[in-house]
Number of protein chains: 2
Amino acid sequence: MTEKKQGKIRIHSQEKILLAAQDEFITNGYKGATVQSIADLAGLPKANVLYYFKNKENIYHAVLEQTLDMWDQGIGDIVYSDGPKVAIEKFVSSKVQMSFKNPKASKIYAMEIIQGAQHLKEFTRTYLRKWVREKSKIFQQWIDEERMLNVDPVNLIFLIWSTTQHYADFDNQILTVMNRADYEEEDIEHVTQFLTQFILRGLEIK
Amino acid sequence: MTEKKQGKIRIHSQEKILLAAQDEFITNGYKGATVQSIADLAGLPKANVLYYFKNKENIYHAVLEQTLDMWDQGIGDIVYSDGPKVAIEKFVSSKVQMSFKNPKASKIYAMEIIQGAQHLKEFTRTYLRKWVREKSKIFQQWIDEERMLNVDPVNLIFLIWSTTQHYADFDNQILTVMNRADYEEEDIEHVTQFLTQFILRGLEIK
DNA sequence: TTTTATCTTGTTTATTTGGTCAGGAATTTT
DNA sequence: AAAATTCCTGACCAAATAAACAAGATAAAA
């Protein structure tokens with residue numbers, strides 16, 4: 001296993017390529033994306049792009065990997081000791097944060113799933129399924145202890161995912177509908193507030 | 001304006017083509033889709049497909065139009081006279097119904113928006129923006145009359161959209177995570193129940 | 001039946017695309 | 001400074017692709 005040494009130039013170019021690739025894959029999908037277009041966006045000759053990643057599939061894998069890493073890191077964990085209120089506050093706010101700060105990662109992921117998760121089947125079947133099982137169990141404990149309302153934990157997780165990611169995946173629609181050019185810093189806080197309050201309220205025991 | 005007469009064969013072939021095209025556009029995106037592939041899926045020679053729709057763009061437009069029609073028809077309207085409870089019940093249940101019965105339409109739409117709404121800019125800017133304005137106003141009235149909690153109506157609409165559509169757009173993920181092969185009839189009822197109860201609870205005045 | 005319009009499809013064309021390669025430039029190692 | 005390694009890129013190629021076309025088959029209208 002002879003690893004290529006990673007000089008500064010190499011790393012710098014790779015980053016440019018991955019950024020460009022992310023945009024290209026979002027706008028045109030995996031099959032519609034062209035290496036030429038990625039090269040143009042990165043300001044490099046096509047042959048150079050293919051020097052770093054030997055083919056299109058490789059570029060895409062690298063982009064996906066980046067995306068999953070981000071999900072892994074950025075996500076606030078749900079732990080039993082926090083209790084339902086704090087756990088949900090943490091989780092929602094970290095997901096909203098991610099959606100606003102890095103909508104592109106969310107979009108890549110969304111497209112991949114919509115199109116049939118052809119490159120992510122394994123991730124969903126193993127990692128994600130396990131994650132949902134574990135977190136559901138925690139919610140169920142809180143329910144059993146009557147610290148939150150008895151709702152289906154799995155659907156609750158889906159609700160949190162969908163509402164938070166929506167601001168990333170559909171940013172175009174949201175901004176157009178609200179007649180705005182871009183999100184602003186205060187939107188993050190506003191949406192976080194709205195969602196946490198709404199969700200916590202939906203789980204309160206009267 | 002000489003319209004081509006629409007014989008039975010024509011309509012039948014056109015339908016087959018549109019169904020095939022929908023699948024192809026979902027799996028490969030607009031740019032990645034090929035006319036050949038659509039033809040194969042439809043069981044027709046490529047030249048025949050291009051006889052009915054003179055080019056790829058035309059096929060896509062037809063698919064999009066179908067999608068928007070469905071949105072227009074299938075959506076339960078929100079009317080003031082219903083009051084918040086009934087209105088939300090109607091709206092959520094019609095959207096869930098649509099998501100489960102026709103996930104493909106939802107996916108086509110979602111992909112369009114994620115990719116920058118290149119073919120739907122006008123729809124979002126005019127129709128959708130107006131729709132949100134009108135419905136927000138109705139929610140605001142109910143809020144002013146203290147018939148529901150004071151939450152931001154626009155974000156409330158986004159919340160309903162995202163949670164309901166999630167079951168269509170991310171069906172792959174949901175099914176995999178839940179270790180199931182397909183949705184079943186009772187899932188519709190279950191999800192509708194979950195969402196309406198959760199949302200209404202989040203809007204109740206204590 | 002004759003004529004006209006609609007439908008069908010094999011073939012062809014021009015362009016785009018993923019990927020290779022050879023050879024040279026720049027950098028690092030010895 | 002010599003050698004080795006890494007980096008860069010124009011030119012090239014085979015395959016795929018959107019679309020046009022021509023010529024025949026079928027059905028409808030006269």
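Here is the naming used below: chain letters follow the sequence lines, and residue numbers restart at 1 for every chain. As the structure is a prediction and not an experimental result, all values here were calculated from the model.
Using a 4.0 Å heavy-atom distance criterion, Asn55(B) is classed as a sugar-phosphate-only contact.
You'll find a donor-acceptor pair under 3.5 Å spanning the side chain of Lys46(A) and the base of dG18(C), going by distance alone.
Neither OP1 nor OP2 of dT8(C) sits under 4.0 Å from any side-chain N or O of Tyr51(B).
Note: CD (Gln14(B)) to P (dT6(C)) measures 13 Å, nearest angstrom. In this structure, Glu57(A) atom CD and dT17(C) atom P are separated by 18 Å, rounded to whole Å. Whole-Å rounding puts the Asn28(B) CG to dT17(D) C1' distance at 13 Å. Atom CZ in Phe53(A) sits about 15 Å away from atom C1' in dC7(D), given to the nearest Å. Rounded to whole Å, the distance from NE2 on His12(A) to P on dC8(D) is 11 Å. Atom NZ of Lys56(B) is separated from atom C1' of dT15(C) by 13 Å (rounded to the nearest Å). Atom CG of Asn48(B) is separated from atom P of dT6(C) by 15 Å (rounded to the nearest Å). Atom NZ of Lys54(B) and atom P of dC21(D) are 14 Å apart (whole Å).
Here the side chain of Thr164(A) pairs a donor or acceptor atom with the backbone of Trp161(A) at under 3.5 angstrom. Side chain of Lys56(B) to main chain of Tyr30(B): a donor-acceptor pair is present (N/O by atom type, distance under 3.5 Å, no hydrogens or angles).
Taking 4.5 Å as the limit, some side-chain heavy atom of Leu195(A) sits within range of a side-chain heavy atom of Tyr167(A). Put simply, the side chain of Leu156(A) reaches to within 4.5 Å of the side chain of Met148(A), judged on heavy atoms.
Listed in residue order, the members of residues 29-45 of chain B having a heavy atom less than 4.0 Å from DNA chain C are Lys31(B), Pro45(B).
Of the inter-residue distances, the one linking His166(A) atom NE2 with Asp169(B) atom CG reads 10.0 Å to the nearest 0.5 angstrom.
Counting only residues at least two apart or in different chains, salt bridge (charged side-chain N to carboxylate O under 4.0 Å, His left out) contacts with residues 65-83 of chain B comprise Asp77(B)-Lys135(B), Asp82(B)-Lys90(B). Counting only residues at least two apart or on different chains, the side chain to side chain donor-acceptor pair (under 3.5 Å) pairs with a member in residues 117-126 of chain A are Glu112(A)-His119(A), Glu122(A)-Arg125(A).
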